[in-house]
Trainee: 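Encoded as structure tokens, here's the structure I'll be asking about.
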Amino acid sequence: MLALLLPALLSLVSPNGGRSSVLAGSTRRGFAVAVPFAASAALCLPSVSYAAAGATYNDEATGVSFAYPSDWSLQKTTIARSQLPIVIVTKNGAPSTNAFFSVNSIRGDYASLGSFGTPADVLVTLVPPPGTPGITSEVISSAKKGTTYEFDYKLSFDTGVTRHLRTTYGITHSPAGYDYLVTLTAQSLEQDYASAKAELDAVLGSVKGL
């Protein structure tokens, strides 16, 4: 599973901005990594971009929403096959400080996050194992909080760049009767994290509908 996740995740967080191909998992736990895959693919698709003053993004498919600061810009696209949204919000003038929101449809028998395993099971899809060439990880926290799984971790590259990421996973049941896995990841360079933390806290803390 980790081998599937890392190319997509690193396309968003790698210091050289590289992009990788997307592979899709098919197991229950595979769904947990499909959203970061989709976020990677979205960067190559047509999109709509705009800036807003203290805006809130409301996802019509899932009923989930989150707010973002007035000096951040939003880019939205969809994956053609599913028409599910990929949303990236980026701090103006500091593109390494950003958050991305993605949605993956799941079967109705995925009744809870437990269908994907424990937080520890999901965590291994987010961070590389010891000995991975060129990158090391540090897990700060991994826990179930209410109806979501919450992760706080760092990825350090052999270029000297370290990124601090926080990821929220949740399941939502839409009014139309569909079930979705929703993820929101907020991140910054580690050197910027102290100053960016309040904004990242606000984005992650504003999520409604999970």
Side-chain angles (χ1 to χ4, degrees), residues 8-9 12-13 31-43 45-92 94-95 97-108 110-116 119 122 126 141 143-152 164-188 196-210:
L9 181 60
L12 289 176
V13 303
F31 281 114
V33 300
V35 173
F37 286 143
S40 176
L43 298 178
L45 299 175
S47 60
V48 176
S49 301
Y50 57 90
T56 297
Y57 172 73
N58 294 284
D59 185 60
E60 295 180 359
T62 64
V64 176
S65 67
F66 69 92
Y68 56 96
S70 60
D71 62 340
W72 290 40
S73 295
L74 182 148
Q75 182 179 16
K76 178 182 179 181
T77 190
T78 57
I79 301 301
R81 182 178 176 182
S82 66
Q83 292 300 300
L84 292 174
I86 303 294
V87 175
I88 302 172
V89 290
T90 305
K91 185 176 177 64
N92 296 336
T97 299
N98 58 69
F100 59 88
F101 169 93
S102 295
V103 176
N104 191 56
S105 59
I106 56 177
R107 298 200 311 263
Y110 290 51
S112 70
L113 284 177
S115 301
F116 302 97
V122 175
L126 293 175
S141 64
K144 183 178 186 295
K145 296 183 179 180
T147 58
T148 61
Y149 286 174
E150 308 286 337
F151 305 95
D152 189 344
H164 195 140
L165 303 96
R166 290 162 56 192
T167 298
T168 295
Y169 281 98
I171 288 178
T172 184
H173 308 284
S174 74
Y178 298 103
D179 300 303
Y180 299 99
L181 175 68
V182 175
T183 188
L184 179 64
T185 295
Q187 62 171 308
S188 73
K197 184 178 183 300
E199 289 182 310
L200 301 182
D201 286 347
V203 172
L204 293 167
S206 70
V207 177
K208 296 181 180 180
L210 291 180

Trainee: With sequence neighbours left out, write down each residue that passes ring-ring contact (aromatic ring centres under 6.0 Å, His included) with Y149, or none if nothing qualifies.
Mentor: none

Trainee: Taking only residues two or more places apart in sequence, or in another chain, which ones meet S141 in a side chain to side chain contact (heavy atoms under 4.5 Å, CB included)?
Mentor: D152

Trainee: Distance check, rounded to the nearest 0.5 Å: N104 atom CG versus I86 atom CD1?
Mentor: 9.0 Å

Trainee: Give, for atom CD of Q187 and atom CZ of R166, the distance between the pair rounded to the nearest 0.5 Å.
Mentor: 12.0 Å

Trainee: Distance check, rounded to the nearest 0.5 Å: L200 atom CG versus N98 atom CG?
Mentor: 8.5 Å

Trainee: Provide the closest heavy-atom pair for A67 versus S206 in the form atom of the first, atom of the second, distance.
Mentor: N-OG, 2.7 Å

Trainee: To the nearest 0.5 angstrom, please state how far the OG atom of S102 sits from the CD1 atom of I88.
Mentor: 7.5 Å

Trainee: Might you point out which heavy atoms bring G209 and T172 nearest each other, and give the distance in Å?
Mentor: O-OG1, 3.4 Å

Trainee: Mind telling me whether F101 and F66 have parallel, tilted or perpendicular rings, with 30° and 60° as the class edges?
Mentor: tilted

Trainee: Kindly give the heavy-atom pair with the smallest separation between L113 and Y169, and that separation in Å.
Mentor: CD1-O, 3.6 Å

Trainee: Test of understanding: with side-chain hydrogen bond (donor to acceptor under 3.5 Å, both in side chains), list the residues that count as partners of T167, not counting sequence neighbours.
Mentor: Y153, T185

Trainee: Which pair of heavy atoms, one from F116 and one from V122, lies closest together, and at what distance?
Mentor: O-CG2, 4.0 Å

Trainee: Test of understanding: with side chain to side chain contact (heavy atoms under 4.5 Å, CB included), list the residues that count as partners of K208, not counting sequence neighbours.
Mentor: S65

Trainee: With sequence neighbours left out, what residues match E150 under side chain to side chain contact (heavy atoms under 4.5 Å, CB included)?
Mentor: K145, T148, T168

Trainee: Which residues satisfy the side chain to side chain contact (heavy atoms under 4.5 Å, CB included) test with A99, sequence neighbours excluded?
Mentor: W72, V89, L184, A186, V203

